[in-house]
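Note that the structure is a prediction, hence the values are computed from the model and not measured. The figures that follow rest on heavy atoms only: side chains count, while hydrogens, waters and symmetry mates do not.
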Amino acid sequence: MKAYENAKVVYAKYGIDTEEAIKTLASIPVSIHCWQGDDVAGFENSGPLTGGIQATGNYPGKARTPEELMADFDKVLSLVPGKKRINLHAIYAITGGEKVERDKLEPKHFDAWIKYAKLKKIGIDFNPTFFSSPMVKDNLTLSSPDENVRQYWIRHGKACRKIAAYIGEKLGSPCLCNIWIPDGMKETPADRMGPRARLKDSLDQIFSVKYDKKYIIDSCESKVFGIGLESYTVGSAEFYQNYCAKNGICCLLDNGHYHPTEMVSDKISSLLLFNDYVALHVTRPVRWDSDHVVSFDDETREIAKEIIRNHAERKVLIGLDYFDASINRIAAWTIGARNMQKALLYALLLPNKSLADMQDSANFTKMFAVSEEFKTFPFGDVWDEYCERCGVPVGMNWIREAEVYESEVLSKRG
């Protein structure tokens, strides 16, 4: 408490109210992805992870059932401060052991998740699953020239939007329904237009059904390439930005889905000028879209700054997307989620208005100097106070809880 009171005084000298920063941070929801807990396996048990993505490592104790995944997520909720949501993929349907094809999924298959979310007082976001399926033919789904394949995935997309709207209505909070497909080619294609024309038609069919926007926010997510899909991606950034702009759909930016020199933080302000919402999947690419655990690094902080300095806390829908199977999965979940919260707090504790004024008056020397000085301000003391108030472990104490959970729960899984 003494450390926090000292930090409060330091920040106040620069016109920054730490109490207001804490209050604002507590109101910003972060959607935590369920798939870190089981390496994106889901409950179909239908085969390996495909679609140009990988979960590397074989750390013991991954969740194998809905009950185990929910228990693990409970532990994460107890270790991460702030307002949270859970992000689901369609492969996490709970069907009671019945084999249900993805194009036949119904809202009832997610009633258990809705019950769980109500109990935990969290919202749900949702994603159709267009990968890890025998119905992915030649690395294509919604852009497939095989009409049987394409129509199967169109039905899946429609089913998932119905599920998302149902979830949003039941929870009284709009559910973000995000479409990402792995479609692409290993070698340079002979026809780029054809697959994209088929994708456009598929999306037109999926979005032809209208739902109340109080319950569902539709989004589409681009990607630059995937493993085995290095030369051509059907759903490119240019394709989706144009499609979304024309159809009033939200663009989702995953900061692992662009060329290495492209920064998602630089894209947020442009999209905010023209869209009601911008959605994010925050991850950490290392040389490629490797979905490493989110770090408190420069780009994560820059993403948070763009949200805070533009007062876009309600317009930018923050989700996490990483899956590390090489370390304790509870720890991986917790590290990334806490780092996203830290980045938001860091941005809230900057003199953003003063820095903008310095820029506009061309006082670039002072702008640079002040930005650098704030890097050593007592941010950590405010973070510790925030965790204390949220009732989660302060500092490194959470690691001990994760280790105990591993010893008492995870280590007993086969």
Side-chain angles (χ1 to χ4, degrees), residues 44 50-52 88-91 93 100-110 125-169 174-185 189 191-223 226 229 232-252 254 257 275-277 279:
E44 286 184 355
T50 66
L88 302 176
H89 250 285
I91 53 174
V100 180
E101 285 292 331
R102 291 186 199 173
D103 64 336
K104 299 293 192 297
L105 286 172
E106 299 179 38
K108 67 180 182 181
H109 298 130
F110 293 87
D125 296 311
F126 195 70
N127 307 262
T129 306
F130 291 95
F131 54 86
S132 298
S133 167
M135 286 300 291
V136 178
K137 184 178 180 181
D138 301 323
N139 295 322
L140 301 176
T141 62
L142 292 179
S143 66
S144 176
D146 184 325
E147 196 62 14
N148 288 330
V149 170
R150 192 169 76 97
Q151 288 300 323
Y152 174 89
W153 291 114
I154 290 171
R155 291 193 298 272
H156 177 61
K158 287 182 174 180
C160 287
R161 289 187 67 237
K162 182 177 181 180
I163 291 165
Y166 174 82
I167 289 171
E169 182 176 10
C175 176
L176 178 69
C177 185
N178 178 56
I179 289 179
W180 172 79
I181 61 172
D183 296 33
M185 296 185 183
D191 175 16
R192 288 183 170 89
M193 180 72 82
R196 286 179 174 145
R198 290 191 292 270
L199 174 57
K200 179 181 179 297
D201 179 73
S202 296
L203 293 171
D204 288 345
Q205 292 188 50
I206 290 171
F207 292 123
S208 66
V209 182
K210 304 303 178 185
Y211 294 99
D212 195 321
K213 292 186 177 181
K214 291 190 303 182
Y215 306 133
I216 182 173
I217 299 171
D218 289 303
S219 69
C220 291
E221 176 183 2
S222 67
K223 191 170 185 177
L229 311 163
Y232 169 73
T233 299
V234 182
S236 65
E238 295 79 10
F239 174 90
Y240 278 127
Q241 284 196 7
N242 281 284
Y243 186 88
C244 290
K246 183 176 181 180
N247 293 282
I249 293 167
C250 174
C251 263
L252 187 142
D254 182 309
H257 286 191
N275 296 275
D276 293 333
Y277 295 103

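- To the nearest 0.5 Å, atom CD1 of residue I217 and atom SG of residue C250 are 7.0 Å apart.
- With hydrogens and angles disregarded, no donor-acceptor distance shorter than 3.5 Å links the side chain of K108 to the backbone of L105.
- Atom CZ of R196 is separated from atom OH of Y232 by 4.0 Å, given to the nearest 0.5 angstrom.
- Of the listed residues (D201, D103, D138, D183), just one forms a salt bridge (charged side-chain N to carboxylate O under 4.0 Å, His left out) with R150, and that residue is D201.
- No more than 12 heavy-atom neighbours from other residues, nucleotides or ligands sit within 6.0 angstrom of CG on D276.
- The two residues D125 and P174 come nearest to each other via the heavy atoms OD1-O, 4.2 Å.
- How far NZ of K223 is from OG1 of T233: 8.0 Å, rounded to the nearest 0.5 Å.
- Remark: the backbone N or O of M193 is paired with a side-chain donor or acceptor of D191 at under 3.5 angstrom.
- When all heavy atoms are compared, the tightest approach of V234 to S143 is CG2-OG, 3.7 Å.
- In terms of heavy atoms, C220 sits closest to L203 at SG-CD2, 4.5 Å.
- Below 30°, between 30° and 60°, or above 60°: for F130 and W153 the angle between ring planes is between 30° and 60°, a tilted geometry.
- Taking OG of S133 as the start and CD of E44 as the end, the distance is 7.0 Å to the nearest 0.5 Å.
- Ring-plane geometry between F239 and Y243 is classed as parallel, the angle between the planes falling under 30 degrees on a 0 to 90 degree scale with a further cut at 60.
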- Item | Worked check of side-chain contact (heavy atoms from CB on, under 4.5 Å) between T141 and V149 | CA-CA 6 Å; T141 62; V149 170; 5.5 Å; no
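- Listed for the H109 side chain is no donor-acceptor partner under 3.5 Å among the backbone atoms of A93.
- Smallest separation of non-hydrogen atoms from A90 and H156: CB-CE1, 3.6 Å.
- Nearest heavy atoms, G184 versus L229: O-CD2, 3.4 Å.
- Salt-bridge formation is detected for the pair D218/R161: a Lys NZ or Arg NE/NH1/NH2 atom is positioned less than 4.0 Å from an Asp or Glu carboxylate oxygen.
- Atoms CZ and OG, from R102 and S132 in turn, are 6.5 Å apart once rounded to the nearest 0.5 Å.
- The CG atom of N139 lies 11.5 Å from the CD1 atom of I181; values are rounded to the nearest 0.5 Å.
- With hydrogens and angles ignored, the 3.5 Å screen pairs no side-chain donor or acceptor of S219 with any backbone N or O of L252.
- The aromatic rings of F131 and H89 stand perpendicular to each other, their planes meeting at an angle above 60°, with 30° marking the opposite boundary.
- When side chains are defined from C-beta on, C177 counts as touching P128, because their heavy atoms get closer than 4.5 Å.
- A 4.5 Å side-chain heavy-atom check between R198 and P145 finds at least one atom pair inside the cut-off.
- Closest heavy-atom contact between A164 and I216: CB-CD1, 3.9 Å.
- Side-chain contact, E106 with Y166: no donor N or O sits under 3.5 Å from an acceptor N or O.
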